[in-house]
Chemist: 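Questions regarding the structure given below will be posed in turn.
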There are 2 protein chains.
Amino acid sequence: MEGRKLGQLRVEPGQPIVAEGLQDDRLYTVLEGWAIRSKSLPDGRRQILNVLLPGDLLGLQGELMGAAQHGVEAVTRVNLCAFRRDTFLALAQADPSLGLDIAWLSALSERFSDDILLSVGRRTAMERVAMLLVHLHRRAASAGLAENGTIAFPLTQPHIADALGLSTVHINRVLQALRRQGLIRLAEGRLAIGDLRALRRVAAYWEQPAPQRPLL
Amino acid sequence: MEGRKLGQLRVEPGQPIVAEGLQDDRLYTVLEGWAIRSKSLPDGRRQILNVLLPGDLLGLQGELMGAAQHGVEAVTRVNLCAFRRDTFLALAQADPSLGLDIAWLSALSERFSDDILLSVGRRTAMERVAMLLVHLHRRAASAGLAENGTIAFPLTQPHIADALGLSTVHINRVLQALRRQGLIRLAEGRLAIGDLRALRRVAAYWEQPAPQRPLL
DNA sequence: CGTTGATTTGAGTAAGATCAAGTCGGGTGG
DNA sequence: CCACCCGACTTGATCTTACTCAAATCAACG
């Protein structure tokens, strides 16, 4: 799809990429930076649905259906690569496997959603936080963002709270407990995991088979 | 795809359709009955990810990626139509628009997931229950299951609890409150909504634009 | 019948929310 | 350059929502 690039987009921290309820006929790839996809209630309560890291595709979920049902916001400075949705669709007409690629990506992201829903619905606060940190550390590392085991971690405690359905005050206390137990180091925007095995145990998490694409 | 049908499958209430962690190389369509897709923690806590109604497709999410990361279980007696995944893939090779159809379906189901995550993460118990009932009533009605405003409602209170991340005891009290306020009638496996407007207000929900397929 | 699971109700408890206040750092405007 | 402001982070105290435990009723079923 490289040739079909519509343009590149730079968004500053805290700025919206896609506004909730607005139509946007583009698809994006995150080239650099962190972003969040979220949805809010009329009174302001917010749920973060997804954390977007470099390499992630944006615009498949709701945007295939007209107006976005969620907002997307930059956490750090974000660089995006934009495509027009219709050229993308034309492309999919020409190349059948592209549609399947898309379906596979949706399946992958749905699996993440399932895990998050399990966390938010059934895990305790400490389990949720441990889970999120393990998950993000792994994703960031596999996106090539790790430097000797630590990753840049731009999410604030309010972000974590909104991602996990908890209050910021409680997030703060849980993080401190995890630090006290030596399970994580999290300071100055960097995260290191002290004891991955133990942190996984805290998260009531066990390794899932790596996603492999069995198709084709 | 009609010609590619592999066979029909009947599953009794409470029986598994897909076991958690098992490989299954089929795709299914629900012809009749209710089923749930769920995921569990090692200690038994369970989260229902999804309620499947007639017309729903099953097997797109995790199954595209090898072993299922979740279980699927019949709630009522369920009739399924089974396809082999590989013939499906071959078909998608031949007809590009099928891949896009699949992508669109994934997008739709992801939008449902987003709503559920918002509920579980940020709504109160009463809001969650109201939301779920409105949502299921609408889906069941649009699947043609409504009879003068009421639908068969086979989910038990433990089911609702596991879908919303609450305890069964609490679900019971919330349901009674909703009944007392005349917002719902729920008895003997049938659900009627007394005052949809009010129930939506309780759910902190406002109408979303109906999903339309803008593709092609 | 006896068992099993759903539903209901009451009583006590706990996880996490809310309220409040203070610290710190970065950014802005005077 | 400095005063101010804002948001993130932190800590303590209190409160509430929803959980846990327990027990009774009921219907379905073998």
Side-chain angles (χ1 to χ4, degrees), chain A residues 12-15 34 36 41 43-48 73-77 119-130 132 152-180 184-191 202 204, chain B residues 12-15 34 36 41 43-48 73-77 119-130 132 152-180 184-191 202 204:
Chain A
E12 295 302 312
Q15 294 305 305
W34 289 42
I36 52 171
L41 293 175
D43 66 1
R45 284 173 285 173
R46 179 175 78 161
Q47 178 67 38
I48 291 178
E73 178 184 315
V75 175
T76 63
R77 171 176 298 183
S119 279
V120 173
R122 287 308 189 192
R123 277 189 242 252
T124 67
M126 171 141 302
E127 290 167 348
R128 285 183 223 185
V129 173
L132 181 72
F153 191 85
L155 297 186
T156 65
Q157 291 177 11
H159 283 137
I160 299 175
D162 282 344
L164 299 178
L166 297 165
S167 70
T168 68
V169 173
H170 202 56
I171 292 294
N172 185 280
R173 296 194 230 264
V174 170
L175 285 177
Q176 287 178 52
L178 287 172
R179 280 193 270 245
R180 253 197 319 278
I184 61 166
R185 266 162 296 134
L186 175 57
E188 295 148 24
R190 293 201 73 82
L191 166 70
V202 167
Chain B
E12 294 302 313
Q15 294 305 304
W34 290 41
I36 52 171
L41 292 175
D43 65 1
R45 283 172 286 173
R46 178 175 77 159
Q47 177 67 38
I48 292 179
E73 179 184 314
V75 175
T76 63
R77 170 175 299 182
S119 279
V120 173
R122 286 308 189 193
R123 277 188 242 252
T124 67
M126 172 141 302
E127 289 168 349
R128 284 183 225 185
V129 173
L132 181 73
F153 191 85
L155 298 185
T156 65
Q157 291 177 13
H159 283 136
I160 299 175
D162 281 345
L164 300 178
L166 296 166
S167 70
T168 69
V169 173
H170 202 56
I171 291 294
N172 185 280
R173 296 194 227 265
V174 170
L175 285 177
Q176 286 178 52
L178 288 173
R179 280 194 269 246
R180 253 197 319 277
I184 61 167
R185 265 162 298 134
L186 175 58
E188 295 148 24
R190 294 202 72 83
L191 166 69
V202 167

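Note: hydrogens, waters and symmetry copies are ignored here, and every other heavy atom, side chains too, is used. Values in this document were obtained by computation on a predicted structure and should not be read as measured data.
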Chemist: Does A:Gln176 make a side-chain N or O approach to OP1 or OP2 of D:dT11 shorter than 4.0 Å?
Modeler: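 Checking A:Gln176 against D:dT11: at least one side-chain N or O falls below 4.0 Å of OP1 or OP2.
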Chemist: Tell me: CD1 of B:Ile160 to P of D:dA18, nearest whole Å?
Modeler: 16 Å
Chemist: Can you tell me how far P of D:dC9 sits from CG of A:Leu175, to the nearest Å?
Modeler: 9 Å
Chemist: Taking any heavy-atom pair under 4.0 Å as a contact, classify A:Thr156: base, sugar-phosphate, or nothing.
Modeler: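 The answer is sugar-phosphate, as A:Thr156 gets under 4.0 Å only of primed atoms, P, OP1 or OP2.
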Chemist: Whole-Å distance between D:dC9 P and A:Arg179 CZ?
Modeler: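 Rounded to the whole Å, the gap is 9 Å.
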Chemist: Nearest to the side chain of B:Val169, which nucleotide is it out of C:dG16, D:dT20, C:dT18?
Modeler: D:dT20
Chemist: Please report, rounded to the nearest Å, how far the C1' atom of D:dT17 is from the CD1 atom of B:Ile171.
Modeler: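 Distance check: B:Ile171 CD1 to D:dT17 C1' gives 13 Å.
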Chemist: Test your reading of the model: is there a side-chain donor-acceptor pair from B:Asp43 to the backbone of B:Arg45, 3.5 Å cut-off?
Modeler: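 Checking the backbone N and O of B:Arg45 against the side chain of B:Asp43, a donor-acceptor pair under 3.5 Å is found.
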Chemist: Taking only the side-chain nitrogens and oxygens of A:Arg123, find out if one of them lies under 4.0 Å from OP1 or OP2 of C:dA15.
Modeler: no
Chemist: Would you confirm whether A:Ser119, through its side chain, and A:Arg128, through its main-chain N or O, come within 3.5 Å as a donor-acceptor pair?
Modeler: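 No, A:Ser119 side chain to A:Arg128 backbone: no donor-acceptor pair under 3.5 Å.
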Chemist: Which part of the nucleic acid, if any, lies within contact of B:Gly165, taking any heavy atom under 4.0 Å across all strands shown: a base, the sugar-phosphate backbone alone, or nothing?
Modeler: sugar-phosphate
Chemist: Assign each of B:Leu166 and A:Arg173 to its nearest nucleotide of DNA chain D by heavy atoms, then name whichever residue's nucleotide is nearer the 5' end.
Modeler: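 The residue mapped nearer the 5' terminus is A:Arg173.
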Chemist: CG of A:Asp43 versus C1' of C:dT18: gap in Å, rounded?
Modeler: 15 Å
Chemist: Nearest whole Å is fine: how far is C:dT7 P from B:Leu186 CG?
Modeler: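 Checked: the CG to P distance equals 8 Å.
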Chemist: Whole angstrom is fine here: how far is it from CD in B:Gln157 over to C1' in D:dT25?
Modeler: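 Whole-Å distance recorded here is 14 Å.
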Chemist: Under 3.5 Å, side chain of B:Gln47 to main-chain N/O of B:Ala163, donor-acceptor pair present?
Modeler: yes
Chemist: What's the NE2-P distance between B:His170 and C:dG12, to the nearest Å?
Modeler: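 Taking NE2 of B:His170 and P of C:dG12, I get 19 Å after rounding.
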Chemist: Toward the 5' end of DNA chain D, which comes first, A:Arg122 or A:His159, by nearest nucleotide?
Modeler: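 The residue closer to the strand's 5' end, by nearest nucleotide, is A:His159.
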Chemist: Is there a donor-acceptor contact under 3.5 Å linking the side chains of B:His170 and B:Ser167?
Modeler: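 There is no such pair (donor and acceptor under 3.5 Å, judged by atom type) between the side chains of B:His170 and B:Ser167.
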Chemist: Heavy atoms only, 4.0 Å cut-off, all strands: where does A:Thr124 land among base, sugar-phosphate and nothing?
Modeler: sugar-phosphate
Chemist: Would you please confirm or rule out a distance under 4.0 Å between OP1 or OP2 of C:dT7 and any side-chain N or O of B:Asn172?
Modeler: no
Chemist: Between A:Arg122 and B:Asp162, is there a side-chain N and carboxylate O pair less than 4.0 Å apart?
Modeler: yes
